[in-house]
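Structure first, then comments.
All residue numbers refer to positions in the sequence shown, counting from 1.
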Amino acid sequence: MEKVNHQKIIISTLLKVLLMIVVIIILNSWPNIRQSFSGNIPPLNYWLNHSFKISNIILILGFGGYFYYKDLTDQKQLIEKSKNTNQY
């Protein structure tokens, strides 16, 4: 009997969440990034204050939960499908 590989799901979810964090930071800091191309570099705490707002943290946690749940249900469906295929 096959079991759900939680370690693989957790690693996959963490990678997706990290990618999402990078995208959110880039999108929220794009004006600062454009300023830095011309030599006007704002302090790091200014960048972080604009990127890590409570709404962004809720968004990251929500999507992290969704990614975990989606991967878990997909893997359970694959296991169920393989069980049904092996029975016939």
Side-chain angles (χ1 to χ4, degrees):
M1 182 170 157
E2 295 181 47
K3 293 184 178 179
V4 176
N5 189 352
H6 289 284
Q7 184 177 9
K8 181 180 175 184
I9 293 172
I10 290 171
I11 290 172
S12 171
T13 302
L14 286 177
L15 289 174
K16 290 175 186 176
V17 168
L18 286 175
L19 179 63
M20 190 171 144
I21 290 171
V22 168
V23 168
I24 287 174
I25 288 174
I26 289 172
L27 289 176
N28 284 334
S29 301
W30 186 247
N32 296 332
I33 293 170
R34 285 185 46 206
Q35 273 185 339
S36 68
F37 290 147
S38 64
N40 301 329
I41 302 173
L44 181 62
N45 65 351
Y46 181 79
W47 290 48
L48 295 178
N49 287 341
H50 283 42
S51 296
F52 289 108
K53 295 182 242 177
I54 212 64
S55 61
N56 289 343
I57 292 172
I58 291 171
L59 186 71
I60 290 167
L61 292 175
F63 273 104
Y66 170 75
F67 292 146
Y68 180 79
Y69 175 75
K70 181 73 173 131
D71 287 346
L72 182 65
T73 55
D74 287 349
Q75 198 170 84
K76 284 183 179 180
Q77 286 177 352
L78 285 174
I79 290 171
E80 190 66 34
K81 188 184 253 185
S82 69
K83 279 184 192 177
N84 291 339
T85 307
N86 290 339
Q87 286 179 352
Y88 298 114

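Minimum interatomic distance between K76 and V4 (heavy atoms only, all atoms of both residues): CG-CG2, 3.8 Å. Considering all non-hydrogen atoms of both residues, I9 and Q75 come closest at CD1-OE1, 3.7 Å.
Separating the OG1 atom in T73 from the CG atom in L78 is a distance of 10.0 Å, to the nearest 0.5 Å. Taken from CG in N84 to CD1 in I79, the straight-line distance is 12.0 Å, to the nearest 0.5 Å. Note: M20 CE to N56 CG = 8.5 Å, rounded to the nearest 0.5 Å. Going from atom CD1 of I10 over to atom CG of L15 covers 12.0 Å, rounded to the nearest 0.5 Å. Note that NZ of K70 is 12.5 Å distant from OG1 of T13, once rounded to the nearest 0.5 Å. Distance check, rounded to the nearest 0.5 Å: NZ of K16 to CD1 of I11 gives 13.0 Å.
Ring geometry, F37 versus W30: the interplanar angle exceeds 60°, so the pair is classed perpendicular (tilted spans 30 to 60°).
Not a single donor-acceptor pair under 3.5 Å links the side chain of S12 to the backbone N or O of K8. Using a distance-only test at 3.5 Å, with no hydrogens or angles considered, no donor-acceptor pair links the side chain of S29 to the main chain of I26.
Across L27, N28, I21, a single residue satisfies side chain to side chain contact (heavy atoms under 4.5 Å, CB included) together with I24, and that is N28.
Under the 4.5 Å side-chain contact rule for hydrophobic residues, L59 and I25 share a cluster.
Atom CZ of F67 has more than 12 neighbouring heavy atoms from other residues, nucleotides or ligands inside a 6.0 Å radius.
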